[in-house]
Amino acid sequence: MTTLPTSTQKKLGLVIDLDTCVGCHACVVSCKGWNTENYGAPLSDQDPYGAVPSGTFLNRVHSYEVQPEQGQAALVHFPKSCLHCEDAPCVTVCPTGASYKRVEDGIVLVNESDCIGCGLCAWACPYGAREMDAEEKVMKKCTLCVDRIYNENLPEVDRVPACVRTCPAGARHFGDFADPESNVSILTAERGGMDLMPEQGTKPVNKYLPPRERDRSEDVDILAPFLDPVASEPKGFMGWLDKALSTMPGGQ
Amino acid sequence: MHPAPSVIIFSTMSGIGFGLLVWLGLGHPGVTGFSAFVFFVVAYLLAVGGLIASATHLGHPERALKAFTQWRSSWLSREGICAVAALIVMAIYGMGLVFFGSRWGFIGLIGAVLSLGTVFTTAMIYTQLKTVPRWNHYTTPAMFLAFCVSGGALLAGQWSEAFWLLLLTAALQVLVWVRGDTALAQSGTNLATATGLGNMGGVRPFEAPHTGPNYLLREFAFQIGRKHAQTLRIIAFVLAFVLPLLIILLPFNHFLAGVAVISHIAGVFASRWLFFAQAEHVVGLYYGARSV
């Protein structure tokens, strides 16, 4: 059913820390690895070793340069995947009921056996979170690793989305936003977690933590005193040597 | 947006086909027998031909029946239902005209309303998308409906109505173009809101997530040069409106009437191509498209 639930029991989602992300794309690779051999159709590649390779990915990392009015530019790595919006426009446009948002945990999923591959859900998503698989001709999107997070065959430490498990910088956090005491709720509150394109009215569940303010040059002067000349006016033996050398040809 | 031929052929042909059905349903021209048969064949070829063209753009057309289930939320589902209902009702109405020589006016009226409804629901598929500010406006369904009834009037040989409707459609077309050109800038969505980094400073794409193309770039990042767009707009405007209007003003002649119809359809094709090709999807912002 493509009408949205009025509320969901849980609001599972991610917190992505733009301050910590180092832009290594490990989450992109682990996402593709897990999701190509688990839930639903594989994530195909076209011409993978040829001149123009292209493929389906559920998570991609952009990089942006931010230039403040004063001071140095900052480089921000920006991972982007489905935000599992509360008011998901991709769900309501679906003509077949293939797209849906789960009442129990708020995950937005595609029932691939109902998908006619019309592409309208991807048109409705402002974030580019959905990609039509060129091989299977069905819409693929982040499942929040629904086949990991409840999977009792996995060790407990692995019951998080593949991107979160793999991130070497700890820039991705998984949890329940409906619980104000959860790790993700606390992080969002403490660090001022923000929505992407709030004006689109999608109410994303996933939050992004803005980069922390950078140290300014006058604040990092701890080592500077050690770089000052040790003796500006040489005395004693060094003073005699300085004078003697200055009288030699080429000295001054 | 990628101007997919299937969708452009669909919306142009179906629009004019359903437009002709609207006029036939209202009894203009009041034809019966063989001439009614010819009119209905033309209308159905255009309307159904367009629908078949649109089905070719589906990844899994064999599951298309499922698309009739979600009318409560989906404009695409409503469009499918409206189109099938219009074609069935108009077939019953046409049967009366062709085989019984009698005009069942009430059925014709319902068929005309459903035909208009089909074009309206088609337009709403685009209008509902906040992600494409150029489309997300009431002028989109207004323009689709105006093209539908003016093209239909031209095809139905309703010269005097066609004249005024073409003038109205031409005015709407200019309005849509002028408003559309600033729609993205006025929508408030830009790279700063897309990344949430706007209050740190000016945001500029540094490195793309992938070096090759992908679905998003193929589907949403299509861009045409401003110069080509202006030339195409002039061609579309002359073919769709100026030439047919001039022909209407001349004394009636069957050959020229055919030229007017063909010219109009070619103009609508050009206009519809621009409708897609010039539409800016906000996901392009992430890739640095149209950044200001």
Side-chain angles (χ1 to χ4, degrees), chain A residues 1-4 18 23 25 28 52-57 60-69 73-76 78 80 89 91-98 114-120 122-128 131-132 134 136-138 194-201 208 210-211, chain B residues 1 57-80 125-126 128-132 187-189 191 193-216 218-220 281-287:
Chain A
M1 180 50 63
T2 58
T3 43
L4 287 162
L18 297 179
H25 293 241
V28 179
V52 192
S54 171
T56 312
F57 286 78
R60 296 189 185 262
V61 180
H62 295 252
S63 296
Y64 297 102
E65 182 199 76
V66 188
Q67 177 65 61
E69 277 188 26
L75 183 58
V76 180
F78 193 91
K80 186 162 61 61
V91 169
T92 51
V93 298
C94 178
T96 67
D114 275 357
C115 176
I116 57 172
C118 68
L120 190 55
W123 289 23
C125 172
Y127 308 109
E131 297 189 15
M132 179 98 75
E136 293 286 335
K137 315 272 185 207
V138 293
M194 60 189 181
D195 290 348
L196 305 185
M197 292 188 192
E199 71 283 356
Q200 288 271 334
Y208 282 75
Chain B
M1 304 288 290
H57 114 119
L58 298 180
H60 285 276
E62 76 279 8
R63 300 174 186 156
L65 279 180
K66 294 186 187 207
F68 293 106
T69 59
Q70 302 301 315
W71 47 271
R72 264 168 292 200
S73 72
S74 167
W75 281 107
L76 181 50
S77 186
R78 289 171 196 160
E79 182 208 30
I125 295 170
Y126 307 115
Q128 68 178 334
L129 298 172
K130 271 193 186 172
T131 50
V132 185
S187 72
T189 298
L191 188 54
T193 68
T195 57
L197 299 171
N199 45 12
M200 276 175 69
V203 188
R204 180 174 87 84
F206 182 79
E207 198 171 39
H210 41 95
T211 50
N214 74 344
Y215 170 75
L216 300 174
R218 283 190 294 267
E219 190 78 0
F220 302 119
H281 193 289
V282 295
V283 80
L285 296 168
Y286 284 109
Y287 286 91

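On a predicted model such as this, the values are computed, not experimentally measured, just so you know. Each chain gets a letter, A, B and so on, in the order its sequence line appears, and its residues count up from 1.
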When you compare the side chain of [Y] with that of [X], does any pair of heavy atoms fall below 4.5 Å?
| X | Y | answer |
| --- | --- | --- |
| Asn214(B) | Arg60(A) | yes |
| Phe78(A) | Val203(B) | no |
| Tyr287(B) | Pro209(B) | yes |
| Val138(A) | Arg63(B) | yes |
| Tyr126(B) | Trp123(A) | yes |
| Thr195(B) | Leu18(A) | no |

Hey, which of [options] has the most heavy atom pairs under 4.5 Å with chain B?
| options | result |
| --- | --- |
| Lys80(A), Glu136(A), His25(A) | Lys80(A) |
| Pro211(A), Ala74(A), Pro198(A) | Pro211(A) |
| Thr56(A), Asp114(A), Leu120(A) | Asp114(A) |
| Pro210(A), Ala73(A), Gly128(A), Gly23(A) | Gly128(A) |
| Gly119(A), Ala124(A), Pro89(A) | Ala124(A) |

Check whether [X] gets within reach of chain B through its side chain, its backbone, both or neither, counting any heavy atom under 4.5 Å.
| X | answer |
| --- | --- |
| Val61(A) | backbone |
| Ala134(A) | neither |
| Pro126(A) | both |
| Met194(A) | side chain |

Quiz prompt | Residue from Gln200(A), Glu199(A), Met197(A) passing side-chain contact (heavy atoms from CB on, under 4.5 Å) with Lys130(B) | solution =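 Only one option passes, and that is Gln200(A).
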
Per-residue contact mode, [X] against chain A (heavy atom under 4.5 angstrom):
| X | result |
| --- | --- |
| Leu197(B) | both |
| Leu216(B) | side chain |
| Glu62(B) | neither |
| Glu79(B) | neither |
| Arg78(B) | neither |
| Ala194(B) | both |

Exercise. Any chance you could measure Lys137(A), atom NZ, to Cys115(A), atom SG, to the nearest 0.5 Å?
Key: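 These two atoms lie 12.0 Å from each other.
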
Exercise. Look at the rings of Phe220(B) and Tyr215(B) and say which category their plane angle falls in: under 30° parallel, 30 to 60° tilted, over 60° perpendicular.
Key: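 Judged by the thresholds at 30° and 60°, the geometry between Phe220(B) and Tyr215(B) is perpendicular.
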
Between chain A and each of [options], count heavy-atom pairs under 4.5 Å; write down the option with the most.
| options | value |
| --- | --- |
| Gly188(B), Gly212(B), Ser187(B) | Gly188(B) |
| His210(B), Arg218(B), Gln128(B) | His210(B) |
| Gly198(B), Gly201(B), Ala208(B), Gly202(B) | Gly202(B) |

Self-check item: Closest contact, heavy atoms only, Ser54(A) versus Pro213(B)
Solution: OG-O, 3.3 Å

Quiz item: Between Cys118(A) and Leu76(B), what is the shortest heavy-atom contact and its length?
Solution: SG-CD2, 3.7 Å

